[in-house]
*Asks:* 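Below you'll find the structure I mean.
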Amino acid sequence: MDEPHIQKGFREEIYKLMRLLPNDKVTTYGDLAAMAGQPRAARIVGGIAHQGPDDLPWHRLVNREGGLAIGFPGGQDVQLQLLQADDIGCVDYKIDNFGERRWRPQDLDLNLRLL
DNA sequence: CTCGTGACGGCGA
DNA sequence: ATCGCCGCCACGA
């Protein structure tokens, strides 16, 4: 697997991971950070997100509580609309642990194996 | 060059 | 169970 050279660019890694994120799933900053090899760098993911290219599905990144981050431009309304556009809509993530909407590290692993 | 801050989250008290 | 502190990488001043 191509895991060892993670530090080539945490940023790049995040971008790569986001491109692997299925359109019908959501993930958390923390999980994404963990996938990139830095379980405690969730914050960075958010920071990177805000800087990153807009061709990436940032709206499908949610915080641990299941809602979009506080500082998203336009507020949660925009986020919600984008999620609905992806046929996800509003979900009580917090309650049912994202149900099947959550994209977890093991899903990434599974994804890579299937490739 | 250094310093501070940030779309967050884990862990200790 | 809640509250608060620390950390992680990148980027702007």
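Naming: A, B, ... by sequence-line order, numbering from 1 per chain.
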*Asks:* So how far is it from A/Thr28 OG1 to A/Arg104 CZ, rounded to the nearest 0.5 Å?
*Replies:* 11.0 Å
*Asks:* With a 4.5 Å cut-off on side-chain heavy atoms, are A/Leu21 and A/Arg60 touching?
*Replies:* yes
*Asks:* Would A/Asp107 and A/Lys25 pass as an ion pair if we require N to O under 4.0 Å?
*Replies:* no
*Asks:* Go ahead and name the base partner of B/dG6; Watson-Crick or wobble counts if both distances stay under 3.5 Å, otherwise write none.
*Replies:* C/dC9
*Asks:* What is the distance from CZ of A/Phe10 to C1' of C/dC11, rounded to the nearest Å?
*Replies:* 15 Å
*Asks:* To the nearest Å, how far apart are A/Gln38 CD and B/dG6 P?
*Replies:* 21 Å
*Asks:* Tell me the interatomic distance from A/His50, atom NE2, to B/dT5, atom P, rounded to whole angstroms.
*Replies:* 15 Å
*Asks:* Distance check, C1' atoms only: B/dA7 and C/dC3, in whole angstrom units.
*Replies:* 23 Å
*Asks:* B/dC8 C1' sits how many Å from A/Arg43 CZ, rounded?
*Replies:* 7 Å
*Asks:* To the side chain of A/Arg64, which of B/dC8, C/dC8, B/dG10 is closest?
*Replies:* B/dG10
*Asks:* Check for a donor-acceptor pair, side chain of A/Arg102 on one end and backbone N or O of A/Val26 on the other, with a separation under 3.5 Å.
*Replies:* no
*Asks:* Side chain of A/Arg11: nearest nucleotide among C/dG7, B/dG9, C/dC11?
*Replies:* C/dC11
*Asks:* Which whole-number value in Å describes the distance from A/Tyr29 OH to C/dC9 C1'?
*Replies:* 16 Å
*Asks:* Ignoring the backbone of A/Gln51, work out which of B/dG6, B/dG9, C/dC11 is nearest its side chain.
*Replies:* C/dC11
*Asks:* Using heavy atoms to find the nearest nucleotide of DNA chain C for A/Arg40 and A/Ile48 separately, return the residue whose nucleotide is more 5′.
*Replies:* A/Arg40
*Asks:* For the pair made of CD in A/Glu65 and C1' in B/dA7, what is the distance, rounded to whole Å?
*Replies:* 13 Å
*Asks:* For A/Pro53, does its backbone N or O pair with a side-chain atom of A/Trp58 as donor and acceptor, under 3.5 Å?
*Replies:* yes
*Asks:* Expressed in angstrom and rounded to an integer, what is the separation of A/Leu32 atom CG from B/dC8 atom C1'?
*Replies:* 12 Å
*Asks:* Send over the distance from A/Ile14 CD1 to C/dA10 P, rounded to a whole Å.
*Replies:* 10 Å
